[in-house]
Amino acid sequence: MSTDTTPTPAAKYVAVQQSDDFARLRRTLRGFVFPMTVAFFLWYSLYVLLSAYARGFMGLKVIGNINVALIFGLLQFVSTFLIAWYYSRFAARKIDPLADRIQDEMSAEGIK
C-alpha cells in the first residue's frame, strides 16, 4: 500500500487561494474595481438623467450645433478610455507584481 503524502493539484490551488498574497491581490483589485465602477456608473447615470429630465440644459448650444448633450456623450467615451488607461497603470504597479509572485511560487511548487 502506498502512503504518498504529496498534495493533489487541487489542494495546492486551494492553498494558494487561502494564502495571504492571494487575499492581498483580491483586496487590491477590489479596492480599484468597486470604487471605479461606482464612480463610472454615477457619471453615466448623471448623463442619462440629465438627458431625460433636463432637456433644456442638455440642449444648450455651446459652439455652433454642438450642445451640452453631445459634449457629455463624448465625455463618456473619454472617461472610458481614461479608466482603461488608469487601470493599466494601476495593474502594472500594484496587481501584476503580486500576481507574478503568486505565479512564481506556484511554478516553483510544480503547479501549472
With a 4.5 Å cut-off on side-chain heavy atoms, are L98 and R24 touching?
yes
Expected list for residues 63-83: side-chain donor-acceptor pairs under 3.5 angstrom, two or more places apart:
{"from": "N67", "atom 1": "OD1", "to": "A69", "atom 2": "N", "distance (Å)": "3.3"}
{"from": "N67", "atom 1": "OD1", "to": "L70", "atom 2": "N", "distance (Å)": "2.9"}
{"from": "S79", "atom 1": "OG", "to": "W43", "atom 2": "NE1", "distance (Å)": "3.1"}
{"from": "S79", "atom 1": "OG", "to": "L75", "atom 2": "O", "distance (Å)": "3.1"}
{"from": "S79", "atom 1": "OG", "to": "Q76", "atom 2": "O", "distance (Å)": "2.9"}
{"from": "T80", "atom 1": "OG1", "to": "Q76", "atom 2": "O", "distance (Å)": "2.8"}

Partners of A91 by side-chain contact (heavy atoms from CB on, under 4.5 Å), sequence neighbours excluded?
Y87, I95, D96
Residues passing the side-chain contact (heavy atoms from CB on, under 4.5 Å) test with V33, sequence neighbours excluded, are L29, T37
Would you compute the distance between atom CD1 of I102 and atom CD of Q17 and round it to the nearest 0.5 angstrom?
11.0 Å
Atom CZ of residue position R55 - does it have more than 12 heavy atoms of other residues, nucleotides or ligands inside 6.0 Å?
no
Pair M58-Y47, side chain to side chain contact (heavy atoms under 4.5 Å, CB included): steps then yes or no
CA-CA 9 Å; M58 295 297 270; Y47 172 65; 3.8 Å; yes
Using salt bridge (Lys or Arg N to Asp or Glu O under 4.0 Å) as the criterion, list what pairs up with R26, not counting sequence neighbours.
none
Does V48 belong to the same Ile/Leu/Val/Met/Phe/Trp/Tyr cluster as L42, with side-chain heavy atoms less than 4.5 Å apart forming each link?
no
Pairing residues for F57 by the ring pair (Phe, Tyr, Trp, His ring centres under 6.0 Å) criterion, not counting sequence neighbours
none
Flag if over 12 foreign heavy atoms under 6.0 Å of CG, D20:
no
Of all heavy-atom pairs between P97 and A92, which one has the smallest distance, and what is that distance?
CD-O, 3.5 Å
Apart from Y53 itself, what residues make up its hydrophobic cluster, given side-chain heavy atom links below 4.5 Å?
L49
Parallel, tilted or perpendicular: which describes the rings of F40 and Y44, with under 30° parallel and over 60° perpendicular?
parallel
Verdict with supporting geometry, D104 and R101, salt bridge (charged side-chain N to carboxylate O under 4.0 Å, His left out):
CA-CA 5 Å; D104 291 344; R101 183 175 18 188; over 6 Å; no
